[in-house]
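Shown next, in structure tokens, is the structure this report addresses.
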Amino acid sequence: MTSSREAILLVGGKGTRLRPLTVHTPKPMVPAAGVPFLTHQLARARAAGIEHIVMATSYLAEVFEPYFGDGSALGLHLEYVTEEEPLGTGGAIRNVASRLHSAPGDPVLIFNGDILTGLDIEALVETHRRANADVSLHLTRVADPRAFGLVPTDETGRVTAFLEKPQTPEEIVTDQINAGAYVFNRSVIDTIPAGRPVSVERETFPNLLSSGAHLQGMVDSTYWLDLGTPQAFVRGSADLVLGRAPSPAVPGRCGEHLVLDGAEVAQDAKLMGGTVIGKGARVEPGARIEGSTVMDGAVVEAGAQITDSLIGAGAVVGARCVLDGAVVGDNARIGADNELRAGARIWCDATIPPGSIRFSSDQ
């Protein structure tokens with residue numbers, strides 16, 4: 001099977017919904033299952049035969065290259081292009097076009113830096129070739145498509161429309177949504193206007209469709225998760241550890257937990273549900289951690305109970321604290337006997353005095 005050898009990876013987003021995780025770290029570099037999330041995407045692209053990837057960076061662009069370098073450690077050739085002004089998805093794609101080596105008719109894979117997916121990349125490229133399409137899109141089916149752009153297709157899989165975030169039942173004509181991975185013919189990328197913001201979803205795709213271009217959809221409903229919120233990010237990391245989401249880059253065997261080098265975990269502490277304990281972190285006796293990520297150097301003191309939460313690097317969760325669906329920023333300190341429930345976010349470097357946040361048992 002022939003496949004695309006080249007890809008563009010869109011990693012320019014600010015990750016606003018993920019704050020405080022993204023105050024010091026761009027969203028694709030936040031650790032998932034023990035390595036920056038981007039590592040999983042790069043490893044999966046490499047496994048599918050991709051050799052050259054151009055990263056379109058913007059927010060905190062300076063952290064990517066020092067970490068990944070030229071990509072040789074992953075068997076890739078990586079290049080980096082930084083946007084001076086945010087250009088949107090289409091503008092970002094156009095902005096890196098000069099770095100591509102492909103001929104006009106060659107397929108170029110394009111994917112977003114915040115989607116965790118089990119997509120069969122080679123099958124998407126093969127679908128593109130067989131259909132002789134100009135652009136092909138990975139589509140996935142969701143139960144409630146109102147938060148997404150709908151992409152109806154005909155019986156051959158050819159895209160017939162792009163419908164942005166429908167609200168009424170009449171508008172929901174399909175459960176197929178744009179899943180954020182595409183194959184573009186190289187020549188199509190050159191038709192995107194240069195030097196200004198362009199949205200592929202709202203401008204490029206509808207314009208191509210109205211001009212008679214062939215846009216092909218491939219429905220692949222394997223694992224798919226948009227890591228836009230802290231809760232989704234924690235879930236995605238846990239699913240990688242548990243083996244529900246496929247990745248060749250998980251640094252260890254899949255199972256109930258992943259404990260990285262240099263972490264100390266008390267013998268009677270319980271770790272389950274895909275929990276990750278970062279390098280140099282410490283988990284004290286009697287602690288119970290489920291489906292959560294404890295980042296490098298963080299401390300979980302004796303008897304704390306943490307569920308579906310994310311504890312930032314160097315943060316301290318005091319003895320007997322109860323956290324459920326909470327996010328604790330880097331170097332924050334939560335005193336003993338606090339309760340933080342779903343949606344609670346503690347900013348980086350904040351200090352919560354002991355026993356100052358409690359919930360009554362009937363809440």
Side-chain angles (χ1 to χ4, degrees), residues 1-15 22 24-84 87 89 91-103 106-125 128 138 180-184 186 189 227 233 236-237 240 245-252 258 260-261 278-279 296:
M1 181 192 289
T2 52
S3 70
S4 170
R5 296 277 169 227
E6 207 163 37
I8 297 169
L9 182 50
L10 303 172
V11 290
K14 281 198 166 71
T22 48
H24 302 131
T25 310
K27 179 162 53 173
M29 295 299 288
V30 175
V35 294
F37 173 67
L38 208 51
T39 313
H40 300 290
Q41 291 191 307
L42 295 172
R44 293 196 74 248
R46 182 69 195 93
I50 301 290
E51 293 167 356
H52 177 223
I53 296 180
V54 186
M55 282 200 214
T57 68
S58 178
Y59 177 67
L60 295 176
E62 64 280 1
V63 306
F64 294 99
E65 192 165 2
Y67 188 90
F68 291 108
D70 63 1
S72 54
L74 292 164
L76 290 162
H77 171 48
L78 294 181
E79 292 189 65
Y80 306 84
V81 177
T82 302
E83 296 168 25
E84 301 309 320
L87 293 170
T89 42
I93 292 165
R94 181 66 179 83
N95 193 46
V96 305
S98 63
R99 302 293 186 94
L100 298 172
H101 307 151
S102 304
D106 287 346
V108 177
L109 179 72
I110 297 170
F111 52 116
N112 279 308
D114 54 3
I115 302 289
L116 178 58
T117 173
L119 167 70
D120 184 336
I121 295 169
E122 290 171 286
L124 181 63
V125 176
H128 179 79
H138 170 208
Y182 319 111
V183 177
F184 275 65
R186 172 70 179 84
I189 293 173
L227 301 184
F233 209 98
S237 176
L240 283 161
S247 168
V250 176
L258 174 65
L260 299 181
D261 293 348
K279 293 175 183 170
D296 295 358

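Sequential numbering from 1 along the given sequence is applied to the chain's residues.
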*Name all pairs fulfilling the salt bridge (charged side-chain N to carboxylate O under 4.0 Å, His left out) condition that reach into residues 34-45, sequence neighbours left out, sorted by first residue then second.*
none

*To the nearest 0.5 Å, what is the distance between CD1 (Ile50) and CD (Glu122)?*
8.5 Å

_Contacts of type side-chain contact (heavy atoms from CB on, under 4.5 Å), residue Ala97, not counting sequence neighbours_ = Arg94, Arg186, Ile189, Asp190

Would you mind writing out the side-chain donor-acceptor pairs for residues 69-77 within the sub-3.5 Å range, not counting sequence neighbours?
| unit_1 | atom_1 | unit_2 | atom_2 | d |
| --- | --- | --- | --- | --- |
| Asp70 | OD1 | Ser72 | N | 2.9 |
| Asp70 | OD1 | Ser72 | OG | 2.7 |

*First locate atom CG of Asn112, then atom CG of Leu227, and finally report the distance between them rounded to the nearest 0.5 Å.*
11.0 Å

_Qualifying residues under side chain to side chain donor-acceptor pair (under 3.5 Å), relative to Asp106, sequence neighbours excluded_ = none

*Any side-chain heavy-atom pair from Ile110 and Thr89 closer than 4.5 angstrom?*
no

*ring pair (Phe, Tyr, Trp, His ring centres under 6.0 Å) partners for Phe111, two or more places apart*: none

*Residues two or more places apart in sequence or in another chain: which of them pass side chain to side chain donor-acceptor pair (under 3.5 Å) with Ser98?*
none

*Check side chain to side chain donor-acceptor pair (under 3.5 Å) between Thr117 and all other residues, then give those that pass, not counting sequence neighbours.*
none

*Can you name the side-chain contact (heavy atoms from CB on, under 4.5 Å) partners of Ala249, sequence neighbours left out?*
Thr39, His40, Ala43, Ser247

*Can you check whether Leu78 reaches Leu42 side chain to side chain, under 4.5 Å on heavy atoms?*
yes

*What residues form a side chain to side chain donor-acceptor pair (under 3.5 Å) with Asp114, not counting sequence neighbours?*
Lys27

*Once you round to the nearest 0.5 Å, how far does CZ of Arg46 lie from CD1 of Ile121?*
11.5 Å

*By side-chain contact (heavy atoms from CB on, under 4.5 Å) - contacts of Ala92 (at least two apart)*: Leu10, Ala56, Glu83

*In Å, rounded to the nearest 0.5 Å, how long is the span from OH of Tyr67 to CG of Leu38?*
9.5 Å

*Calculate, to the nearest 0.5 Å, the distance between atoms CG and NE2 belonging to Asp120 and His138 respectively.*
9.5 Å

*Distance, nearest 0.5 Å, that separates OH of Tyr182 from CD1 of Ile93*: 7.0 Å

